Amino acid sequence: MNPPQVIPTHVTIIMDGNGRWARERGKDRIYGHFEGVESVRAVVEAATEWGIRYLSFFAFSEENWGRPAAEVEGLMQLMLESMRKELPTFRAHGTRFVVLGNRGRLSAKLNATIDDIMAQTADGEALTMILFISYSGKWDILQAARRMAEAGGDTLEPYLVTAGIPDPDLLIRTSGEKRLSNYLLWQTAYTEFVFTDTLWPDFRKEQFRSALEEYASRDRRFGKIK
Ligand code: FPP
């Protein structure tokens with residue numbers, strides 16, 4: 001497979017459709033999340049191969065806490081196990097692993113694992129892989145505004161959880177939904193959006209490449225004229 005013609009600096013993905021993918025197969029929703037992790041792995045591998053610098057995923061929203069306890073626990077356990085399992089690959093590929101979100105809501109065990117993996121990959125210089133967990137855009141803006149006021153500052157960016165990370169060039173959302181769902185509200189001001197009907201567990205390297213081809217055809221003007 002040839003690399004895409006244009007390589008964005010930061011690609012962010014709203015992974016959607018795991019539940020429907022599982023239901024179509026008469027299986028439990030968590031089975032779709034398991035298969036979704038395989039898609040994350042495939043997309044991270046492709047991003048590393050193509051030289052993408054930042055790849056982020058909306059893994060769990062603040063609103064997702066409202067799902068049935070069994071699904072929430074299953075997802076937390078899956079994230080914990082997946083990040084542990086991927087650590088050797090992260091280290092081998094120079095991947096810096098970062099988790100952003102309302103960490104205070106996560107279990108002590110998950111937070112300890114996240115801290116450990118972030119510390120062990122902090123020197124990664126190839127791809128920065130970001131998982132947004134217990135994240136919402138409105139929460140981020142509010143916590144940033146509070147901290148900015150406390151510090152007497154007058155610009156918000158340094159207080160957003162994404163401080164130091166370039167805004168996404170491209171946002172991909174799978175499964176046919178066409179909305180932002182309280183994700184990166186501030187940071188997507190000039191982001192290009194690509195929506196695909198593919199359900200997340202079916203989104204692999206080929207589908208990722210197609211989304212990047214669509215991005216390459218966009219004319220980004222940032223409000224100016226060319
Ligand atoms: C959306 O599908 C998906 C999620 C809410 C969770 C996605 C999280 C992962 C795949 C875990 C990734 C973690 C690591 C560490 C690699 P949905 O449940 O909303 O599906 P539906 O729209 O069909 O109901």
Side-chain angles (χ1 to χ4, degrees), residues 11-48 54-91 93 95-103 105-107 109-118 120-121 124 127-137 171-184 195-205 207-208:
V11 180
T12 194
I13 304 180
I14 302 182
M15 310 176 277
D16 207 358
N18 292 348
R20 275 163 284 168
W21 189 92
R23 206 179 316 130
E24 280 173 7
R25 286 157 182 80
K27 307 229 181 186
D28 192 71
R29 293 176 57 82
I30 198 73
Y31 182 74
H33 298 315
F34 271 91
E35 204 54 35
V37 170
E38 296 309 313
S39 295
V40 173
R41 193 169 288 134
V43 168
V44 169
E45 199 179 298
T48 304
Y54 295 86
L55 180 63
S56 57
F57 300 89
F58 199 10
F60 195 87
S61 70
E62 283 280 74
E63 290 77 14
N64 287 154
W65 289 111
R67 291 193 178 190
E71 184 174 349
V72 171
E73 275 156 33
L75 267 169
M76 292 296 154
Q77 190 59 31
L78 177 62
M79 289 193 281
L80 193 142
E81 281 166 15
S82 305
M83 54 185 88
R84 273 212 188 111
K85 209 156 89 186
E86 290 311 306
L87 178 62
T89 314
F90 290 156
R91 305 245 331 136
H93 293 171
T95 308
R96 178 165 71 114
F97 177 78
V98 174
V99 169
L100 299 176
N102 192 353
R103 296 264 315 263
R105 294 191 74 171
L106 307 183
S107 72
K109 193 176 166 196
L110 181 56
N111 270 325
T113 303
I114 291 168
D115 284 341
D116 179 41
I117 296 176
M118 282 178 60
Q120 290 203 55
T121 62
L127 173 76
T128 295
M129 178 199 175
I130 304 156
L131 277 191
F132 285 92
I133 306 180
S134 194
Y135 180 84
S136 89
L171 179 145
I172 300 168
R173 183 166 189 162
T174 58
S175 91
E177 312 290 355
K178 297 182 179 69
R179 55 179 172 266
L180 200 46
S181 298
N182 202 0
Y183 186 36
L184 296 165
F195 298 106
T196 166
D197 288 337
T198 305
L199 303 177
W200 179 249
D202 291 326
F203 191 95
R204 301 284 161 99
K205 190 176 185 183
Q207 291 73 17
F208 190 26

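Only a predicted model underlies this, so the values are computations on that prediction, with no experimental measurement involved. Whatever order the structure lists ligands and atoms in, that order sets their numbers, starting from 1. We number each residue from 1, following the sequence as shown.
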Checklist entry - For atom 6 (C) of ligand 1, what's the nearest protein heavy atom and its distance? => result A59 O, 3.4 Å
Item to check | Charged N-O contact under 4.0 Å between R204 and E35 | outcome: yes
Checklist entry - Parallel, tilted or perpendicular for F90 and F97, by the 30°/60° rule? => result parallel
Checklist entry - Is S61 reaching over with its side chain to a backbone N or O of N64, donor-acceptor style, under 3.5 angstrom? => result yes
Checklist entry - What's the verdict on side chain to side chain donor-acceptor pair (under 3.5 Å) for D202 and Q207, showing C-alpha distance, side-chain angles and the deciding distance? => result CA-CA 8 Å; D202 291 326; Q207 291 73 17; over 6 Å; no
Checklist entry - Is S175 in contact with ligand 1, taking contact as a heavy-atom separation below 4.0 Å? => result no
Checklist entry - At what distance is the nearest protein heavy atom to atom 20 (O) of ligand 1, and which residue and atom is it? => result G19 N, 3.0 Å
Checklist outcome for this item: Among R20, R29, R67, the residue with a heavy atom nearest to atom 24 (O) of ligand 1 is R29
Next on the checklist: Quick check on E45: does its CD atom have over 12 non-hydrogen neighbours (other residues, nucleotides or ligands) under 6.0 Å away?
Outcome noted: no
Checklist entry - Where on L78 is there a heavy atom closer than 4.0 Å to ligand 1, on the side chain, on the backbone, on both, or on neither? => result neither
Checklist entry - What is the nearest protein non-hydrogen atom to atom 16 (C) of ligand 1, stated with its residue, atom name and distance? => result V40 CG1, 3.7 Å
Checklist entry - ligand 1 and D16, any nitrogen or oxygen pair closer than 3.5 angstrom? => result yes
Item to check | Minimum-distance protein heavy atom relative to atom 4 (C) of ligand 1 | outcome: H33 CE1, 3.8 Å
Next on the checklist: Would M79 count as a polar contact of ligand 1, with the cut-off being nitrogen or oxygen pairs under 3.5 Å?
Outcome noted: no
Item to check | Backbone N/O of K109 and side chain of T113: donor-acceptor pair under 3.5 Å | outcome: yes
Item to check | Heteroatom proximity flag, S82 to ligand 1, N/O under 3.5 Å | outcome: no
Checklist entry - Identify the closest protein heavy atom to atom 9 (C) of ligand 1: which residue and atom is it, and at what distance? => result M15 CE, 4.0 Å
Checklist entry - Thinking salt bridges, do R103 and D115 make one under a 4.0 Å N-O criterion? => result yes
Checklist entry - Do the rings of Y183 and Y135 sit parallel, tilted or perpendicular, given the 30° and 60° boundaries? => result perpendicular
